[in-house]
Amino acid sequence: MQKELHFFNQIVEKLLIDEEKNPVVKPISTDHVIDHLDLNFKDQGMDDDAWQRLIEQLMDFTPKTASKLFFNQLFGGRQPKAVVGDLLAVMLNNSMYTYKVAGPQAGIEKAIMHKVIQLINYPETADGTIAPGGSMCNFMGLVMARDAAIDSTRNEGVTTKMIVYTSAESHYSIPKNAAFAGIGRKQVRYIKANPLGQMDTQELELTIEKDLNAGHFPFFVNATAGTTVLGAFDTIGAISEICKKYNLWLHVDGAYCGGVIFSQKYRSLVQGIELSDSFSFNAHKMLGTPLSCSIIIAKDKAHLSKSFSNDADYLYQTNTDEFDLGKTSIQCGRRNDALKFWTLWKSVGNNGLEKIIDHQFYLADVARNYITNHPDYTLYSHPNSISICFNYKAVPADKLCTLLYEDASAMVGYGKFQEDEFVRLITINANNTEKDILHFFQVLERGAKKIENNQTIASLA
Ligand SMILES: *Cc1c(COP(=O)(O)O)cnc(C)c1O
């Protein structure tokens with residue numbers, strides 16, 4: 001193993017230098033990627049030198065998500081203390097299902113849940129787990145709600161039209177999960193958003209009434225803390241009132257921006273969170289841990305065991321129930337996604353996590369100020385969002401983002417809200433500075449100039 005670790009250190013050092021010098025990778029076309037990088041297998045293995053060279057080449061062509069010009073997704077950057085935790089999780093290779101196999105690693109996960117439960121003011125009855133991604137957290141929320149609404153579902157399956165409510169701006173995992181859970185995509189109601197991108201609560205109530213009149217069974221509302229495009233926060237308090245009135249489960253999908261619970265300044269964006277029945281967030285988004293670290297908390301832990309436990313004599317062989325985390329998880333064998341969050345959190349403390357969150361909003365302010373001070377820009381997003389949506393002159397957002405990608409200038413995506421399509425800059429990389437954000441706009445304007453020049457040439461020809 002020593003030799004491989006030495007090699008690992010070498011190529012990672014090289015990666016860190018390369019990230020600075022070449023922050024964006026020139027893409028290889030999908031037609032060539034398999035052959036160009038020799039990705040296919042042969043009967044004979046490779047000698048170590050060739051194997052190492054191949055891996056280095058593979059790294060050279062892999063998109064760099066921790067660089068200063070990666071704004072394409074709802075994650076980015078690198079928290080070194082979290083990275084070390086994740087590397088250790090691989091070396092230790094525990095599985096989180098039993099205390100016997102996970103030992104103190106199970107305690108780490110418990111400690112994380114305990115503190116998050118305090119932060120969101122859930123009662124002592126709450127507990128949580130880690131799922132493979134925010135989509136799966138939403139799935140777990142939905143399944144718990146389904147089983148809580150109609151107790152026989154776990155054994156008999158779904159036999160009525162159970163209705164799910166979510167905003168038109170919510171994540172695409174909601175309809176997928178409705179299909180997985182046997183509820184069906186057609187039973188998902190998409191509630192329109194107001195101009196701020198938040199669920200229209202009047203429309204929510206009207207839709208519920210309509211379903212009740214039709215003899216359907218409303219049972220679940222998904223509210224979003226940080227919508228995928230605009231980064232908007234649904235109004236949890238108002239939605240909760242409706243849920244209480246009609247006896248519906250309220251899940252808060254905080255995959256993107258649920259991390260605001262760690263900030264004194266921004267936690268009011270999820271005001272009323274304690275009124276929900278389940279809450280999830282991705283530490284691999286705002287908190288900057290490596291992918292993936294997705295936490296779901298249920299206000300009443302009985303729902304976790306009710307929906308996710310099963311007897312298994314071949315697995316549970318010690319009397320350590322509370323620490324046998326397999327009894328509340330969606331998986332059997334489960335990698336340790338808790339350690340990376342713990343190593344970071346222990347290192348920087350609650351205050352350090354708060355700083356990470358606040359810095360992202362600061363960078364968003366920098367970007368918004370730049371845009372509002374430059375008349376060539378149109379801004380579409382609102383304050384208190386780390387998704388900065390804008391257009392530059394009349395340059396089409398899709399064209400601009402694709403050119404920046406193909407030119408290896410910057411990684412940034414585009415999105416749509418109602419009638420508008422725009423560039424969506426995500427200021428989630430807490431390693432970035434004001435300078436990096438301003439540099440991004442220079443890069444973008446250079447790209448836009450290229451498109452404008454080409455258009456001029458085309459119109460002259
Ligand atoms: C990212 C995101 C998800 C999905 O999380 P994954 O970890 O990618 O599965 C769900 N909901 C929202 C609002 C998100 O932004």
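Atoms within a ligand are numbered from 1 in the order they appear, just like the ligands themselves.
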Ligand 1 atoms in contact with His284 (distance to a heavy atom under 4.0 Å): 7 (O)
Test of proximity, Thr227 against ligand 1: N or O pairs below 3.5 Å: no
Proximity to ligand 1 by part of Ala255, non-hydrogen separation under 4.0 Å: side chain
Note, Tyr190 side chain near Pro175 side chain (heavy atom, < 4.5 Å): yes
Tyr380 ring center within less than 6.0 Å of Phe417 ring center: no
Polar atom proximity, Gly134 to ligand 1 (N or O, under 3.5 Å): yes
Main-chain N/O of Gly134 paired to Ser294 side chain as donor or acceptor, under 3.5 Å: yes
Phe441, Phe390, Phe440 screened by ring-ring contact (aromatic ring centres under 6.0 Å, His included) with Tyr370, the one that passes: Phe441
Close approach, Lys285 and ligand 1, non-hydrogen under 4.0 angstrom: yes
Sub-4.0 Å atoms of ligand 1 with respect to non-hydrogen atoms of Leu74: 15 (O)
Atoms in ligand 1 flagged as close to Thr228, the criterion being non-hydrogen separation under 4.0 Å: 12 (C), 13 (C), 14 (C), 15 (O)
Contact with ligand 1 for Ser292, non-hydrogen, under 4.0 angstrom: no
Ring-face cation contact, Tyr316 with Lys327, 6.0 Å cut, 45° max: yes
Ring centres under 6.0 angstrom apart (Tyr256, Phe233): no
Atom indices of ligand 1 within 4.0 angstrom of Ser135 heavy atoms, with elements: 4 (C), 5 (O), 6 (P), 9 (O)
Asn282 N/O to ligand 1 N/O under 3.5 Å: yes
Contact check, side chains of Thr235 and Thr201, non-hydrogen atoms, under 4.5 Å: yes
Residue His171 vicinity, atoms of ligand 1 by number, heavy atom under 4.0 Å: 2 (C), 3 (C), 4 (C), 10 (C), 11 (N), 12 (C), 14 (C)
Under 3.5 Å: N/O of Asp253 near N/O of ligand 1: yes
Ligand-side contact atoms (ligand 1) for residue partner Gly226, heavy atom cut-off under 4.0 Å: 13 (C)
Polar side-chain atom of Lys110 near backbone of Pro104 as donor-acceptor pair, under 3.5 Å: no
Numbered atoms and elements of ligand 1 in range of Gly133, under 4.0 angstrom, heavy atoms: 7 (O), 9 (O)
Pairwise side-chain contact, Leu37 with Gln57, heavy-atom cut-off 4.5 Å (strictly under): yes
